[in-house]
Amino acid sequence: MSETTAAPLQYRFDGPEDAPVLILGPSLGTTWHMWDRQIPELVKQWRIFRYDLPGHGGAPAHPALSVADVTARLLATLNGLGVQRFGYAGCALGGAVGIELALRHPERLASLGLIAASPRFGTADEFRQRGVVVRTNGLDPIARTSPERWFTGGFAAAQPAITEWAVQMVRTTDPGCYIAACEALATFDVRSELGRVGVPTLVLVGSEDQVTGPAEARTLVAGIPDARLAVVPGASHLVPVEQPAAVTDLLVRHFSTAWQPAFDASTGQLTAVAMSPMSPLRPVPVAPLPVAPLAEIAPPVAPPEPEGGTDRYDVGIKIRREVLGDAHVDRALSMADDFSGDFQEFITRYSWGEIWDRPGLDRRTRSCITISALVAGGHLDALAAHTRAALRNGLTPAEIKEVLLQSAVYCGVPAASSAFTVAQQIIQEETTPQG
């Protein structure tokens, strides 16, 4: 994975230059073409701005490791274009960017649409494990199973051209940027902050979405003060592709009736505009997606300043979860009692909050050292956890093998033999694509 550098967002405009700007944000593994079928109708009222995630759709491969990073790059790109205020609709990861805008930059946002979105996408462990699969096997396993996650079975069977288009979108994504986007979703959790979203919000979801379905949509509606729910029948995760006419109609009605007036800096208040009631929608047949024109590339923008904590326990628990996974840490903490609780706090604060947070070595190197030390000490239980951690920290199975071979020379063949048995099982579990 390449380092995050000053990187542009790839973007394009459609529609009249003097119209209000409406931004459409893409899902993980897709490009701005997922919105092609919405454009002809939306450009009648808005100037549409679409962007690609880093490494998607031929965009420069500068990975963004957090939703906040993607959001900062988007705002810097818009600043360079002179776009200050806009409506925003985003799908899945694009929806997470929309929530981030509403929470951190409410003065920029006139109205919000969240499609197939969630305040927390699955679990951090699930997305980090997906990153391990991609690092080990490439994107082909993810690409081949994308239609199952994105579309209903009937749509996939009836629309083979669109299904193949979806597979190719994923295959042509930069693997390092895809892994970084998985990390961004792994760390995204705004469940406790939804009450601070002060912009009129449409929450839209496909009735058959098995990724971020109606349950997640209802969580958003329950938490956001001025939110309305629209469930589109006969659609799965990529509902703008599967039911384009229904989604277009909902977006037009929402952004036509809930375009909030400008943020009042003197009072710090946002005054919402009431939304019109929504009528039930029926599934709409679709045709293959049209070909879109070439992209415009924005000038480079500076990366955001990293955020950091000062309390060593808070820093430690964050790093411990990122490296070992939520399931492992939750299990360890749940077993703590009056006897062992102090030890759990000790290792969280000093091992993870102090040593693992030191800038002198990256996490890949620390994983190599940790595996070698555990082999030398014969600590096979801990070796299993740290083999899994090494994969999440960016080591490949081939690199872990080299660490164990090196350990065989300096720690002894019997110790390395036992370590190979443990590591082999963990690697098979972590790198096998899930059905």
Side-chain angles (χ1 to χ4, degrees), residues 22-30 32 34-35 38 50-51 53 56 64 66-71 74 86-106 109-124 126-127 146 149-151 181-232 235-244 246-248 250-251 254-255 258 275 278:
L22 175 59
I23 298 175
L24 302 179
S27 174
L28 171 62
T30 74
W32 64 45
M34 67 165 286
W35 296 104
Q38 280 71 48
R50 287 182 282 173
Y51 66 93
L53 296 167
H56 292 57
S66 69
V67 172
D69 187 359
V70 178
T71 306
L74 173 61
F86 48 83
Y88 183 95
C91 183
L93 176 52
V97 172
I99 299 174
E100 185 76 10
L101 286 168
L103 289 173
R104 322 296 172 208
H105 308 278
L109 203 55
S111 193
L112 178 62
L114 302 176
I115 296 94
S118 176
R120 186 188 187 194
F121 292 81
T123 68
E126 291 169 355
F127 280 101
S146 290
R149 296 189 301 274
W150 288 354
F151 307 127
C182 288
E183 178 65 24
L185 289 173
T187 56
F188 183 76
D189 186 354
V190 294
R191 289 173 294 178
S192 64
E193 300 181 77
L194 291 179
R196 296 196 296 106
V197 175
V199 64
T201 303
L202 168 67
V203 178
L204 192 158
V205 64
S207 63
E208 309 305 313
D209 190 345
Q210 302 299 311
V211 181
T212 49
E216 286 82 358
R218 291 188 181 96
T219 300
L220 288 170
V221 172
I224 297 173
D226 186 10
R228 297 292 178 89
L229 175 64
V231 179
V232 178
S236 186
H237 191 57
L238 280 196
V239 58
V241 175
E242 191 161 6
Q243 295 291 348
V247 171
T248 301
L250 283 164
L251 293 179
H254 172 68
F255 287 106
M275 296 177 62
M278 296 177 182

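Keep in mind that what you see is a predicted model, and the values were worked out from it rather than measured.
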- request: For side-chain contact (heavy atoms from CB on, under 4.5 Å), just list the numbers for Val197 and Leu103, CA-CA rounded to whole Å, side-chain angles, deciding distance to a tenth of an Å, and then say yes or no.
  value: CA-CA 6 Å; Val197 175; Leu103 289 173; 3.8 Å; yes
task: Please step through side-chain contact (heavy atoms from CB on, under 4.5 Å) for the pair Ile99 and Phe188, ending with a clear verdict.
output: CA-CA 10 Å; Ile99 299 174; Phe188 183 76; 4.3 Å; yes
task: Evaluate the criterion side-chain contact (heavy atoms from CB on, under 4.5 Å) for residue pair Thr30 and Leu53; output intermediate values, then yes/no.
output: CA-CA 8 Å; Thr30 74; Leu53 296 167; 6.0 Å; no
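At distances below 3.5 Å, at least one donor-acceptor pair connects side-chain atoms of Gln38 with backbone N or O atoms of Pro244. Here the side chain of His237 pairs no donor or acceptor atom with the backbone of Asp209 at under 3.5 angstrom. Of the possible donor and acceptor atoms, one in the side chain of Thr212 sits under 3.5 Å from a partner among the backbone N and O of Ala116. Side chain of Glu193 to main chain of Val190: no donor-acceptor pair is present (N/O by atom type, distance under 3.5 Å, no hydrogens or angles). Judged by distance alone, with hydrogens and angles left aside, the side-chain atoms of Gln210 form a donor-acceptor pair with the main-chain N or O of Glu208 at under 3.5 Å.
Residue Ala124 comes nearest to Ala186 through the heavy atom pair CB-O, 3.3 Å, listed as atom of the first residue, atom of the second, then distance. Pairing each heavy atom of Ala217 with each of Val205, the nearest pair is CB-CG1, 3.7 Å. Residues Leu238 and Ser27 come closest through the heavy atom pair CD2-CB, 4.1 Å. Nearest heavy-atom pair, Pro106 versus Arg104, reported as atom, atom and distance to 0.1 Å: CD-C, 3.4 Å. Closest of all the heavy-atom pairs between Arg218 and Leu229 is CG-CD2, 3.9 Å. Taking all atoms of both residues into account, the shortest heavy-atom contact from Leu251 to Ala89 is CD2-CB, 4.2 Å.
In this structure, OG in Ser236 is found 6.0 Å from CD in Glu242, a value given to the nearest 0.5 Å. Residue Leu24 holds its CG atom at 5.5 Å from CH2 of Trp35, rounded to the nearest 0.5 Å. Atoms CD and OG1, from Glu100 and Thr71 in turn, are 4.5 Å apart once rounded to the nearest 0.5 Å. The CG atom of Leu202 sits 10.0 Å away from the CZ atom of Arg228 when rounded to the nearest 0.5 Å. Note that CG of Leu112 is 6.5 Å distant from CZ of Phe255, once rounded to the nearest 0.5 Å. Atom-to-atom distance recorded for Leu220:CG and Arg191:CZ is 11.5 Å, nearest 0.5 angstrom.
Side-chain contact between Leu114 and Ile224 is present, with heavy atoms from C-beta onward closer than 4.5 Å. Counting heavy atoms from C-beta outward, Cys91 and Met34 have side chains that approach closer than 4.5 Å. For the pair Phe86 and Leu22, the minimum side-chain heavy-atom distance is 4.5 Å or more.
Of the options Val67, Leu185, Leu28, a side-chain contact (heavy atoms from CB on, under 4.5 Å) to Phe121 is made by Leu185 and by none of the others.
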